[in-house]
Participant: 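Sharing a structure, written as structure tokens. Questions coming.
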Amino acid sequence: MSQSKTSNTIAVRVSNLVKHYQNGTQANRDINFTASSGEAIAILGPNGAGKTTFLRQITTELKPTGGTIEIFGIDAIANPVAAKQLMGITPQEAGVFETLSVRQHLELFGKLKGLKKVEARMQTGELLDALELTEQANKPVGALSGGQRRRILIGLALLGRPPLLILDEPTTGLDPASRRSVWKLLQKVIKTGTTVIFSTHYLEEAEHLSQRISFINAGKIIADGSLSELRARFPQRYKISFLAGDANFTHLNAPSVEYFDSFSEAQDYVAEQNVSEYQISAASLEDVYFSLVGEHLNGNGDGGNALKK
């Protein structure tokens with residue numbers, strides 16, 4: 001399928017999606033979600049929130065308990081094979097052929113995706129370069145590190161240039177330099193009109209790649225919008241970071257953060273408390289995250305404020 005679809009084409013439409021497991025777990029609860037052609041959307045939420053279940057239903061790996069899923073107008077539940085042919089998928093975990101070389105692995109999957117031998121070879125070469133795997137091209141996959149294997153899985157998703165990519169934590173296990181190489185490649189792909197939906201625990205990744213962010217918690221989408229829209233809904237839009245201590249700040253403790261509705265209120269606090277070393281900044285995506293799910297990325301938290309409706 002070509003990527004000539006217009007930007008107003010709906011690539012993914014999910015309506016009233018529900019997933020119940022036999023043990024009583026409600027992994028997804030009445031999710032409604034759309035992605036336009038060419039959009040990059042980050043799916044954020046704590047562990048166990050239902051992100052992977054949601055993505056695996058879009059990729060047809062899991063059948064929903066209720067609701068509908070359409071991929072470029074195709075009923076993905078009734079016609080999973082046709083829907084899956086339009087996708088490139090990077091799951092959280094997947095097996096690889098450990099005895100094949102990296103090049104052989106990519107070329108084989110290119111052919112399985114319907115590419116001619118010459119095209120499979122050409123795309124393999126491009127991906128080896130873009131994913132910084134050229135030096136490992138002739139090494140057996142079994143000899144590679146976990147991060148290098150992860151990059152192979154991303155390459156497999158990109159083979160054939162599908163119009164839709166579903167990536168479940170694609171850069172987990174990658175070092176910072178490799179992660180940025182993947183970002184650069186995905187940005188290139190997004191510019192061609194490919195729709196990219198990805199989950200991540202790296203907030204910087206969500207900010208860097210996505211045009212839209214959807215927060216999932218307890219199986220529901222609890223907020224959705226651009227980064228600027230989400231920040232605008234955050235109740236307290238400015239924060240001061242400083243080292244707190246005694247009244248004269250002579251015995252410093254751990255870094256402290258205070259939030260304010262306006263920049264002037266933040267400035268007034270600095271003057272009143274006589275804080276000498278501080279930073280005033282706009283509320284970040286992590287602040288929005290904490291406000292929504294009541295915990296920081298490391299899992300610690302004591303509840304958060306709800307975003308304004």
Participant: Which residue pairs satisfy the side-chain hydrogen bond (donor to acceptor under 3.5 Å, both in side chains) criterion with at least one member in residues 62-88, sequence neighbours excluded?
Facilitator: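 As it turns out, there is no side-chain hydrogen bond (donor to acceptor under 3.5 Å, both in side chains) pair with a partner in residues 62-88 once direct neighbours are skipped.
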Participant: Can you list everything that forms a salt bridge (Lys or Arg N to Asp or Glu O under 4.0 Å) with E265? Sequence neighbours excluded, please.
Facilitator: none
Participant: Are side-chain N/O atoms of Q211 and S226 paired as donor and acceptor at under 3.5 Å?
Facilitator: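 Short answer, no.
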Participant: Any side-chain heavy atom of S199 sitting closer than 4.5 Å to one from F54?
Facilitator: no
Participant: Does a donor on one side chain and an acceptor on the other come within less than 3.5 Å for T53 and N28?
Facilitator: no
Participant: Looking at residues at least two apart in the chain, or sitting in another chain, which of them share a side chain to side chain donor-acceptor pair (under 3.5 Å) with T172?
Facilitator: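 So T172 forms a side chain to side chain donor-acceptor pair (under 3.5 Å) with E169.
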Participant: With rounding to the nearest 0.5 angstrom, report the CG to NZ distance, L131 to K184.
Facilitator: 12.0 Å
Participant: Would you please classify the geometry between the F109 ring and the F97 ring as parallel, tilted or perpendicular, with 30° and 60° separating the classes?
Facilitator: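 Tilted: the ring planes of F97 and F109 meet at 30° to 60°.
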Participant: Check whether K113 reaches the backbone of L159 with its side chain - one donor and one acceptor, N or O, closer than 3.5 Å.
Facilitator: yes
Participant: Applying side chain to side chain donor-acceptor pair (under 3.5 Å), can you list everything that pairs with E119, at least two apart in sequence or on another chain?
Facilitator: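 Listed in chain order: Q123, R161.
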Participant: If you look at every heavy atom in A120 and E107, which pair is closest and at what distance?
Facilitator: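 Heavy atoms only, the tightest pair is CB-O, 3.9 Å.
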Participant: Remaining members of L62's ILVMFWY cluster at a side-chain heavy-atom cut-off under 4.5 Å?
Facilitator: Y21
Participant: Nearest 0.5 Å please: distance from the CZ atom of R212 over to the CD atom of E39.
Facilitator: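 Output value for this atom pair is 4.5 Å.
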Participant: Taking salt bridge (Lys or Arg N to Asp or Glu O under 4.0 Å) as the definition, give me every residue that meets it alongside R29, ordered by chain and number, with sequence neighbours left out.
Facilitator: none
Participant: Once rounded to the nearest 0.5 Å, what's the spacing between atom CZ of R13 and atom CG of L17?
Facilitator: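 Reported value, rounded in 0.5 Å steps: 14.0 Å.
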Participant: Shortest non-hydrogen contact from A40 to I190?
Facilitator: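 What the structure gives for the nearest pair is CB-CD1, 3.5 Å.
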Participant: Not counting sequence neighbours, which residues clear side chain to side chain donor-acceptor pair (under 3.5 Å) with T171? List them please.
Facilitator: R179, E205
Participant: Tell me if the NZ atom of K220 is crowded by more than 12 foreign heavy atoms within 6.0 Å.
Facilitator: no
Participant: Check step by step if side chain to side chain contact (heavy atoms under 4.5 Å, CB included) holds for L108 and L106.
Facilitator: CA-CA 5 Å; L108 171 62; L106 289 168; over 6 Å; no
Participant: Can S214 and L44 be said to form a side chain to side chain contact (heavy atoms under 4.5 Å, CB included), step by step?
Facilitator: CA-CA 6 Å; S214 288; L44 299 183; over 6 Å; no
Participant: Minimum heavy-atom separation for L165 and V189, please, with both atom names.
Facilitator: CD1-CG1, 3.9 Å
Participant: Can you see which heavy atom on T90 is nearest to which on R150, and at what distance?
Facilitator: CG2-NH2, 3.7 Å
Participant: Is the shortest side-chain heavy-atom distance between V196 and L164 below 4.5 Å?
Facilitator: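 The answer is no; the side chains never approach within 4.5 Å.
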Participant: Same cluster or not: L185 versus W183, using hydrophobic residues (I, L, V, M, F, W, Y) connected whenever any side-chain heavy atoms lie under 4.5 Å apart?
Facilitator: yes
Participant: State the OG1-CG distance between T194 and L186, to the nearest 0.5 angstrom.
Facilitator: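 T194 atom OG1 to L186 atom CG measures 9.5 Å (nearest 0.5 Å).
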Participant: So do the side chains of R180 and E204 get within less than 4.5 Å of each other, counting heavy atoms only?
Facilitator: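 Heavy-atom side-chain distance check passes, below 4.5 Å.
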Participant: According to the side-chain hydrogen bond (donor to acceptor under 3.5 Å, both in side chains) rule, which pairs have a member within residues 127-137, sequence neighbours left out?
Facilitator: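 The answer is E132-S181.
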Participant: Partners of R103 by salt bridge (Lys or Arg N to Asp or Glu O under 4.0 Å), sequence neighbours excluded?
Facilitator: none
Participant: Any side-chain to backbone donor/acceptor pair from T200 onto Y202? Under 3.5 Å, distance only.
Facilitator: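 Looks like yes, one N/O pair under 3.5 Å.
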Participant: Could you tell me which non-hydrogen atom of P162 sits nearest to which non-hydrogen atom of L86, and how far apart they are?
Facilitator: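 Where P162 meets L86 most closely, the heavy atoms are CB-O, 3.7 Å.
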Participant: Spell out, as yes or no, whether a donor-acceptor pair under 3.5 Å connects the side chain of K51 to the backbone of G45.
Facilitator: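 Indeed, once roles are kept as given, a pair shorter than 3.5 Å links the two residues.
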Participant: Compare all side-chain heavy atoms of S36 with those of T9 and state whether any distance is below 4.5 angstrom.
Facilitator: no
Participant: To check you understand the geometry: which heavy-atom pair defines the closest contact between H201 and N47, and what is its length?
Facilitator: NE2-OD1, 3.0 Å
Participant: Using a 4.5 Å cut-off on heavy atoms from C-beta on, say whether the side chain of L115 contacts that of M122.
Facilitator: no
Participant: Evaluate I69 against Q57 for side chain to side chain contact (heavy atoms under 4.5 Å, CB included), listing each step before the verdict.
Facilitator: CA-CA 8 Å; I69 301 170; Q57 289 175 99; 4.0 Å; yes
Participant: With clusters built from Ile, Leu, Val, Met, Phe, Trp and Tyr whose side-chain heavy atoms come within less than 4.5 Å, directly or transitively, what are the remaining members of the cluster of V118, listed by chain and number?
Facilitator: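 Via sub-4.5 Å side-chain contacts, V118 links to none.
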Participant: Just so I know, are the side chains of I216 and I222 near enough to count as touching, which here means a heavy-atom distance under 4.5 Å?
Facilitator: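 Not in contact.
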Participant: Check step by step if side chain to side chain contact (heavy atoms under 4.5 Å, CB included) holds for R149 and E98.
Facilitator: CA-CA 10 Å; R149 291 182 184 215; E98 302 208 352; 3.0 Å; yes
Participant: Among T195, T59, V12, find the one that has a side chain to side chain contact (heavy atoms under 4.5 Å, CB included) with M87.
Facilitator: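 Testing M87 for a side chain to side chain contact (heavy atoms under 4.5 Å, CB included) against T195, T59, V12 leaves exactly one candidate, T59.
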Participant: Is any side-chain heavy atom of I221 closer than 4.5 Å to one of F33?
Facilitator: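 Side chain of F33 against side chain of I221, heavy atoms only: contact under 4.5 Å found.
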Participant: If you measure from CG on L127 to OG1 on T124, what distance do you get to the nearest 0.5 Å?
Facilitator: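 Going from CG on L127 over to OG1 on T124, the span is 6.5 Å.
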Participant: May I have the list of side-chain donor-acceptor pairs in residues 138-145 shorter than 3.5 Å, sequence neighbours left out?
Facilitator:
| residue | atom | partner | partner atom | Å |
| --- | --- | --- | --- | --- |
| S145 | OG | Q148 | N | 3.2 |
| S145 | OG | Q148 | OE1 | 3.3 |

Participant: State which residues pass side chain to side chain donor-acceptor pair (under 3.5 Å) with S101; sequence neighbours excluded, sorted by chain then number.
Facilitator: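 Counting only residues at least two positions away or on another chain, S101 forms a side chain to side chain donor-acceptor pair (under 3.5 Å) with Q104.
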Participant: Can you tell me how far apart NE2 (H208) and CG (L227) are? Round to the nearest 0.5 Å.
Facilitator: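 It comes to 13.0 Å.
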Participant: Considering the options D168, L167, I166, which one meets the side chain to side chain contact (heavy atoms under 4.5 Å, CB included) requirement together with I197?
Facilitator: I166
Participant: Report yes if some heavy atom in the side chain of P64 is under 4.5 Å from a heavy atom in the side chain of I77; otherwise report no.
Facilitator: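 Result yes, sub-4.5 Å side-chain heavy-atom pair found.
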